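Nothing here was measured: the structure is a model prediction, and the numbers come from that model. We number each residue from 1, following the sequence as shown.
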Amino acid sequence: MKNLAERSHKVFNIERKVGLENRYLSRSRRASNPKNYNKDGTIKKGKKKWVKSKRYDKRQKKLKELQRRTALSRKYAHNEEVNTLRSLGDELFIETMNIKGLQKKAKSVTRNEKTGKFNKRKRFGKSIGKRSPGYFIKQAKYRFLITEGSVHEVNTWKYKASQYDHIINDTNKKQLSKRWHELPNGLKIQRDLYSAFLLYCSEDTLEKPNRNKCLQEFNSFYDKHQHCIEQIRKNRVVVLNSGIKINKVVS
């Protein structure tokens, strides 16, 4: 279990620099072109003339160089991860995903019941831009197929790997923010690792998990699960959106 498109800890530093450069350029554009913006901060419609300072051009070139470096790092990281993945077996099980759909903003505007403020319509566009999961999936499929491996895509909506519970043999709907799945016997399992286990135990139809196989393989999976979580905490690895908490070191 690891972050996608991350070759070293420097990735976070470069991504932060890209964010800071984008923020600087946005402020510079607003300061140099106040007539192009409405009072609420939105850009006016229609044809406009944009004034750019020399410092703006210089920082824009710096931003392009940072983006080039991050894009190259993502490509190398994906290729390395795909090679590792291919070395582990000959069959790749993966959920069908609509990456473009995850990038789009929510259509409806809603309010927070507690605060009364408007909820953000943003979804996962920024994260997808930083990590490029679509390219990774494409390369993984390609690598398996050209090396005489096989790719099995399960239907996300029918399979419901993130909602299924093999103990009760039924789905147990959870919010996306809930990163741990609790079984009826009290065991807590990281949600993404449990989903991967359920894909491993797929029926031949690729539409649902094989419950008998889940029951047979669960103890082996749980031992590996505990070892994985222990190693992440021991090495103090920050896995984004995993729900795995790292204890602070007090000196």
Participant: What do the steps show when you test Ser195 against Ser162 for side chain to side chain donor-acceptor pair (under 3.5 Å), and what is the final call?
Facilitator: CA-CA 5 Å; Ser195 296; Ser162 61; 5.3 Å; no

Participant: Does any N or O in the side chain of Ser28 come within less than 3.5 Å of the main-chain N or O of Tyr24, such that one atom is a donor and the other an acceptor?
Facilitator: no

Participant: Is it true that Glu65 and Lys62 have a side-chain N and a carboxylate O under 4.0 angstrom from each other?
Facilitator: no

Participant: Show me the side-chain donor-acceptor pairs of residues 204-212 shorter than 3.5 Å, one per line, residues at least two apart or across chains.
Facilitator:
residue : atom : partner : partner atom : Å
Asn210  : OD1  : Asn212  : N            : 3.1
Asn210  : OD1  : Lys213  : N            : 3.2
Arg211  : NE   : His166  : O            : 2.8
Arg211  : NH2  : Ile167  : O            : 2.9

Participant: Give the C-alpha distance, both sets of side-chain angles, the deciding distance and a yes or no for side chain to side chain contact (heavy atoms under 4.5 Å, CB included) between Leu72 and Arg69.
Facilitator: CA-CA 5 Å; Leu72 202 60; Arg69 288 169 58 189; 5.9 Å; no

Participant: Give the intermediate values and the outcome of side chain to side chain donor-acceptor pair (under 3.5 Å) for residues Asn169 and Tyr164.
Facilitator: CA-CA 7 Å; Asn169 195 26; Tyr164 181 77; 2.5 Å; yes

Participant: Walk me through whether Gln190 and His225 qualify under side chain to side chain donor-acceptor pair (under 3.5 Å).
Facilitator: CA-CA 8 Å; Gln190 206 286 329; His225 173 276; over 6 Å; no

Participant: Keeping to residues at least two apart or across chains, list the ring-ring contact (aromatic ring centres under 6.0 Å, His included) pairs with something in residues 45-66.
Facilitator: Tyr37-Trp50

Participant: Quick one: salt bridge (Lys or Arg N to Asp or Glu O under 4.0 Å) pairs with a partner in residues 23-34, sequence neighbours left out?
Facilitator: none

Participant: Working note: Cys228 + Leu193, criterion side chain to side chain contact (heavy atoms under 4.5 Å, CB included); need CA distance, chi angles, decisive distance, verdict.
Facilitator: CA-CA 10 Å; Cys228 176; Leu193 291 176; 4.2 Å; yes

Participant: Which word best sums up how the rings of Tyr194 and His181 line up, parallel for under 30°, tilted for 30 to 60°, or perpendicular for over 60°?
Facilitator: parallel

Participant: Measuring from Leu240:CG to Leu4:CG, what's the distance to the nearest 0.5 Å?
Facilitator: 10.5 Å

Participant: Does a sphere of radius 6.0 Å around NZ in Lys174 hold more than 12 heavy atoms from other residues, nucleotides or ligands, not counting ones at 6.0 Å or beyond?
Facilitator: yes

Participant: What I'd like to find out is whether the side chain of Arg143 reaches to under 4.5 Å of the side chain of Asn79, using heavy atoms alone.
Facilitator: yes

Participant: Taking Arg131 first and then Glu15, would you say they form a salt bridge - that is, a charged N and a carboxylate O separated by under 4.0 Å?
Facilitator: yes

Participant: Before you tell me yes or no, could you show the steps for Phe218 and Leu183 under side chain to side chain contact (heavy atoms under 4.5 Å, CB included), namely the whole-Å CA-CA distance, both residues' side-chain angles and the distance that decides it to 0.1 Å?
Facilitator: CA-CA 12 Å; Phe218 180 76; Leu183 296 173; 3.5 Å; yes

